[in-house]
Peer 1: 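Take this structure, written in C-alpha cells, and hold onto it; I'll ask about it next.
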Amino acid sequence: MEATTKNQETAAGDKPAPPVLPWSVRLQLFALVTANDIAQRRDGTVNRFLFSFGDRQSPARPRPDAHGVRSADVTVDASRNLWARVYSPAAEATPLPVLVYFHGGGFTLLSAASTPIDGMCRRFCRELGAVVVSVNYRLAPEHRHPAAYDDCVDVLRYLGAAGLPADVSVPVDLSRCFLGGDSAGGNIVHHVAQRWTDAAPSDSPVRLAGIVLLQPYFGGEERTEAELRLEGVAPVVNMRRSDWAWRAFLPEGADRNHPAAHVTGEAGPEPELAEAFPPAMVAVGGLDPLQDWQRRYGAMLRRKGKAVKVLEFPDAIHAFYCFPELPDSGRLVEEIRAFIGTNAPTHHPDA
C-alpha cells in the first residue's frame, strides 16, 4: 500500500500535457473510445450491437489492391467461428516468412475484419515482405480465458497440418514463422509462444523465429507510476477501461495478479519459458499507461536469458501503429522488418 501511495503522490504533480495529434487521428480515436465506452456495460457484458456502429468492417479482397496485396478468409473451426484472414502479395518466387497476427481490443472488442486491423495487416504484408495470417479469435466476456489462447494455438496447429489455402499462390516457409500482436494481442503472443515452444506437435513444420509485441496488455493489482501519471491524459487506455477488460476476460473471481495478466514476477512466480522460446521485440509508447508493465516484461525475458529488443517511442500513444499518418508508425514498421530480417534471413532457392 505504501508503494502505491508514493506513486500517487509522485504522479499527482507530474501530469504531462495531452498529446498533440492530427485531427484525423483525433477523430478516429474519439469514435473508437466513444463506441468502447457505450459498449462496456456495468454488468460486465458488451453491447455488441451498439459497438458495431463504431467498428467499421472491411471484406476480404481476393483481387490485388494498388500495392499488389490480396486477402482471403479461411475457416479454421466453424463451430466456434474461428477463422483467419490471409494477406499475400500477388506474386513472389522466394518463400516468404509468415506473420501470424493477433488483434487488440482488450480481449473483448474488434475482429480480424475491423477496418483498422485490416489496413494494418495489409500494410504489414506490403512492407514486411511476409504473408500475414490475422486471427479472428473468440472474445470475452462470452468466452473468457483461456479461449483466446486456445484459438490462437489451434490456428498454428491448423497451419502446420493444412498449410495456407490454395489461392495463396506464393510460396511460404513455416519454419520462419513470427507471432505478432498489439495490446491484448501482444498478451496473446506471449502466452501462445509459451505454449507452442513448450508443447508443439513434434511433426509440425511451424517454428517460431520471433515474436513482436506492440504495446502488449499486461498488468497487475499494483498501480504503476505511468498508469497514475497518465490517467486522464492519455487517450484510449485508462484504469477504468483496463480494469473492466480484465474483469471481462479473466476467470470469474480472479484479480489482475492472475498469470494471464501478470507475467513479470512482482506479485507471483515468473513464467516458465522453454529453451526454444523465440527472440522478442517489444514496442513501448511514452504516452501509453501500460508502458511500465511492458518494460518489466522485457526485463523478465532478459532475466530468463532470452533475446529481447525493447523499442521506445517517447511520443507514442497507445495504438499509434494503427495510424499510418503518425511518423512513429512508419518507424515501427521499419524496425519490424529489420527484426524479421535478422531472425529469419531469406533463403534463396539457388543458394
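All of these numbers come straight from a predicted model, not from anything done at the bench.
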Peer 1: Is the F249 ring parallel, tilted or perpendicular to the F107 ring (thresholds 30°, 60°)?
Peer 2: parallel
Peer 1: With salt bridge (Lys or Arg N to Asp or Glu O under 4.0 Å) as the rule and sequence neighbours excluded, what pairs involving residues 139-149 come up?
Peer 2: R48-E142, R144-E252
Peer 1: Any pair with a residue in residues 278-310 that passes ring pair (Phe, Tyr, Trp, His ring centres under 6.0 Å), sequence neighbours left out, goes on the list, sorted by first then second residue, please.
Peer 2: H190-Y297, F218-Y297, H262-W293
Peer 1: Donor-acceptor pairs under 3.5 Å, side chain of residues 21-30 to any protein atom, not counting sequence neighbours: which ones?
Peer 2:
{"from": "S24", "atom 1": "OG", "to": "E325", "atom 2": "OE2", "distance (Å)": "3.1"}
{"from": "R26", "atom 1": "NH1", "to": "L21", "atom 2": "O", "distance (Å)": "2.5"}
{"from": "Q28", "atom 1": "NE2", "to": "S24", "atom 2": "O", "distance (Å)": "3.2"}

Peer 1: Sequence neighbours left out, cut at 3.5 Å: what donor-acceptor pairs do the side chains of residues 153-165 make with other protein atoms?
Peer 2:
{"from": "D154", "atom 1": "OD2", "to": "R80", "atom 2": "NH1", "distance (Å)": "3.0"}
{"from": "D154", "atom 1": "OD2", "to": "R80", "atom 2": "NH2", "distance (Å)": "2.6"}

Peer 1: I'd like to know if M300 and V189 are part of one continuous hydrophobic network [Ile/Leu/Val/Met/Phe/Trp/Tyr, side-chain heavy atoms within less than 4.5 Å].
Peer 2: yes
Peer 1: Quick one: which residue pairs count as a salt bridge (Lys or Arg N to Asp or Glu O under 4.0 Å) with a foot in residues 281-296, not counting sequence neighbours?
Peer 2: E222-R296, E266-R296, D292-R295, R295-E312
Peer 1: Can you list, by chain and residue number, the hydrophobic cluster partners of F49 when the side-chain cut-off is 4.5 Å?
Peer 2: I38, L50, F53
Peer 1: Is a salt bridge present between E231 and R223, judged by a nitrogen-to-oxygen distance below 4.0 Å?
Peer 2: no
Peer 1: Taking side chain to side chain donor-acceptor pair (under 3.5 Å) as the cut-off, I'd like each qualifying pair that reaches into residues 268-283, sequence neighbours left out, listed once.
Peer 2: E270-R303
Peer 1: State which residues pass ring-ring contact (aromatic ring centres under 6.0 Å, His included) with F323; sequence neighbours excluded, sorted by chain then number.
Peer 2: none
Peer 1: For D328, what residues pass the side-chain hydrogen bond (donor to acceptor under 3.5 Å, both in side chains) criterion, not counting sequence neighbours?
Peer 2: R331
Peer 1: Could I get the full list of side-chain hydrogen bond (donor to acceptor under 3.5 Å, both in side chains) partners for S202, not counting sequence neighbours?
Peer 2: none
Peer 1: Run the side-chain hydrogen bond (donor to acceptor under 3.5 Å, both in side chains) test against R41 and tell me which residues pass, sequence neighbours left out.
Peer 2: T45
Peer 1: Is V33 isolated, or which residues cluster with it under the ILVMFWY side-chain rule of less than 4.5 Å, directly or via members?
Peer 2: none
